[in-house]
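As the structure is a computational prediction, the values presented were derived from the model and not from experiment. Here is the naming used below: chain letters follow the sequence lines, and residue numbers restart at 1 for every chain. All heavy atoms count here, side chains included; hydrogens, waters and symmetry mates do not.
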There are 2 protein chains.
Amino acid sequence: MSENDKLTEERIFEAATDVFVDKGMDGARMQDIASHAGINKALLHYYFRTKDQLFNAVFEMIAGRMLKKFAPVFDENLSLEAKIRFFFKEHIAFLQENPKLPGFILNEISRNPARIKKLLKKVHFESLWKNLYEQHKTELGKYNITEATMPQLIISIVSLSVFPFAARGIIEGILEKVGIDFDEFIEERKNFAAEFVIKAITR
Amino acid sequence: MSENDKLTEERIFEAATDVFVDKGMDGARMQDIASHAGINKALLHYYFRTKDQLFNAVFEMIAGRMLKKFAPVFDENLSLEAKIRFFFKEHIAFLQENPKLPGFILNEISRNPARIKKLLKKVHFESLWKNLYEQHKTELGKYNITEATMPQLIISIVSLSVFPFAARGIIEGILEKVGIDFDEFIEERKNFAAEFVIKAITR
DNA sequence: GTCTATAGAAGGATAGAC
DNA sequence: GTCTATCCTTCTATAGAC
């Protein structure tokens, strides 16, 4: 199926996704989106009425996709260590495919925190980490991880995976001075982060 | 010294800092900055010519302040463990005072990676972590941290400190559902993150 | 140095023909 | 459904009086 065969609405949506992710809500221009989609501004408004509605459609799709990437990993029937390795491998691989998503989502949410609330209703993080805790209670208990520190642990894990992408501009600049390629660094990170966390919580 | 006694240029600069950090370069409005400073738009242009120049002045000041917060900690004459504890205590305390800086800097750099290069020239990260490695070679060597993995380690440490602030909107939303206050969470984090890293690299 | 007024450009959104 | 033309608002930036 060629670009031209796609439904116009779909083409607009994809163009809008590209431009919004690249420039952010404030920096994006309707003309730019129209050009990317190969149509004119009027047609954007015909399909999505306002810039705000178009942005919301794009944002909900992206944030939903991002959030859904977290949960399933923890449902696998694996040991705690294997889950951690699996998470970093899978999640970083996803971010390698979508390196701009973290910065985009983080920024848009900080500019408008209300956006996240609707989305969070659908994802149940409490039960996610409550389940994780219950399943590995004995292992975790041995190493002083309690249910109360689960949020700290989960957010630490996510930090290690997401932050390098959100801070890519800075990290790339620093690594460049030492002759390390960002992509290499990320590839290494899948293992480094997993072993780092495993050592931190199981020894 | 009252607000009115301050030099106009300084008042403009402070107002611009507030507005830019809050809204970002694209979202900030010259009129908004003028109002915050208690003057009119024309005077902004008189002092800083263009929005771009005003933004650059603000950005360099902020990013410089942020970067400088990293290095000195590692110069202290302390054991490796003590340095790590000291870093998280000091750095998170700084971010508690300036919670919006991470999101602002991360976003503006990703929109314009060239901005960082000028700044990075002044800070020598390689020598920073090379020194750190040399000083604690024996301790680190015992636990499989080599000079080659120092970047992974340093960036992991920074992630654990900075990410919760950059992702505040999301984290606050999640913690809210479990009845945890963000400020409490951050206060706890000074210790949690330090012990987490220490366990990861010394056992 | 500081102000008011306004130029000039760009952006979002709509009207109306096809 | 798609286009051209255009309206209206907002924004950066400048001119010019004081």
Side-chain angles (χ1 to χ4, degrees), chain A residues 1-62 104 107-108 110-112 114-115, chain B residues 1-62 104 107-108 110-112 114-115:
Chain A
M1 176 162 112
S2 84
E3 277 292 310
N4 269 340
D5 295 339
K6 281 185 190 166
L7 295 176
T8 304
E9 185 168 347
E10 198 182 334
R11 291 233 313 286
I12 291 175
F13 190 81
E14 287 173 13
T17 302
D18 289 349
V19 175
F20 278 132
V21 167
D22 214 52
K23 302 279 176 61
M25 169 63 175
D26 291 336
R29 295 292 164 249
M30 294 297 267
Q31 180 56 59
D32 199 9
I33 295 172
S35 304
H36 266 71
I39 47 113
N40 54 31
K41 277 195 291 179
L43 213 48
L44 293 184
H45 291 284
Y46 175 78
Y47 278 100
F48 292 91
R49 282 202 53 80
T50 67
K51 184 185 181 185
D52 233 62
Q53 283 187 37
L54 178 52
F55 179 84
N56 285 339
V58 168
F59 181 80
E60 285 187 27
M61 182 276 290
I62 289 186
F104 171 71
N107 182 48
E108 296 304 339
S110 84
R111 304 241 166 279
N112 188 348
R115 286 197 206 290
Chain B
M1 177 161 111
S2 85
E3 277 293 307
N4 269 340
D5 294 339
K6 282 185 191 167
L7 295 175
T8 304
E9 186 169 348
E10 199 181 334
R11 291 231 313 283
I12 292 175
F13 190 82
E14 286 174 13
T17 302
D18 289 349
V19 173
F20 279 132
V21 168
D22 214 52
K23 302 278 175 59
M25 168 63 176
D26 292 335
R29 296 293 163 245
M30 295 296 266
Q31 180 57 62
D32 199 8
I33 295 172
S35 304
H36 266 70
I39 46 113
N40 54 32
K41 279 195 289 180
L43 212 49
L44 293 184
H45 291 283
Y46 175 78
Y47 279 99
F48 291 90
R49 280 202 52 81
T50 67
K51 184 185 181 185
D52 232 61
Q53 283 186 38
L54 178 52
F55 178 83
N56 285 338
V58 168
F59 181 80
E60 284 188 27
M61 181 276 290
I62 288 184
F104 171 72
N107 181 49
E108 297 303 338
S110 83
R111 303 241 165 282
N112 188 348
R115 285 196 206 293

Interface limits on DNA chain D, where chain B has a heavy atom under 4.0 Å of a nucleotide atom: D/dC11 to D/dA15
Between [X] and [Y] (side chain of the first, backbone of the second, donor and acceptor by atom type, cut-off under 3.5 Å), is there such a pair?
| X | Y | answer |
| --- | --- | --- |
| A/R111 | B/D22 | yes |
| A/N40 | A/L43 | yes |
| B/E108 | B/M25 | yes |

List in numerical order all residues of residues 47-57 of chain A for which some heavy atom is under 4.0 Å away from an atom belonging to DNA chain D. A/Y47
DNA chain D-proximal residues of residues 20-30 of chain B, any heavy atom under 4.0 Å: B/A28, B/R29, B/M30
Is it the case that C/dG12 (base atoms only) and A/K41 (side chain only) share a donor and an acceptor within less than 3.5 Å, ignoring hydrogens and angles? yes
Quick check for you: to the nearest 0.5 Å, what is the distance between [X] atom [atom1] and [Y] atom [atom2]?
| X | Y | atom1 | atom2 | value |
| --- | --- | --- | --- | --- |
| B/F13 | B/L7 | CZ | CG | 13.5 Å |
| A/D18 | A/H36 | CG | NE2 | 6.0 Å |
| B/F59 | B/T17 | CZ | OG1 | 12.5 Å |
| B/K23 | A/D26 | NZ | CG | 9.5 Å |
| B/I12 | B/H45 | CD1 | NE2 | 10.5 Å |

Tell me the interatomic distance from B/H45, atom NE2, to C/dT4, atom C1', rounded to whole angstroms. 14 Å
Roughly how many Å is it from CG in A/N40 to P in C/dG12, rounded to a whole number? 14 Å
Identify the residue among A/V58, A/N56, A/L54 that makes a side-chain contact (heavy atoms from CB on, under 4.5 Å) with A/F48. A/L54
Does the side chain of A/F20 reach to within under 4.5 Å of the side chain of A/F104, using non-hydrogen atoms? yes
Mind checking if B/I39 touches a base, just sugar-phosphate, or nothing, with heavy atoms under 4.0 Å? sugar-phosphate
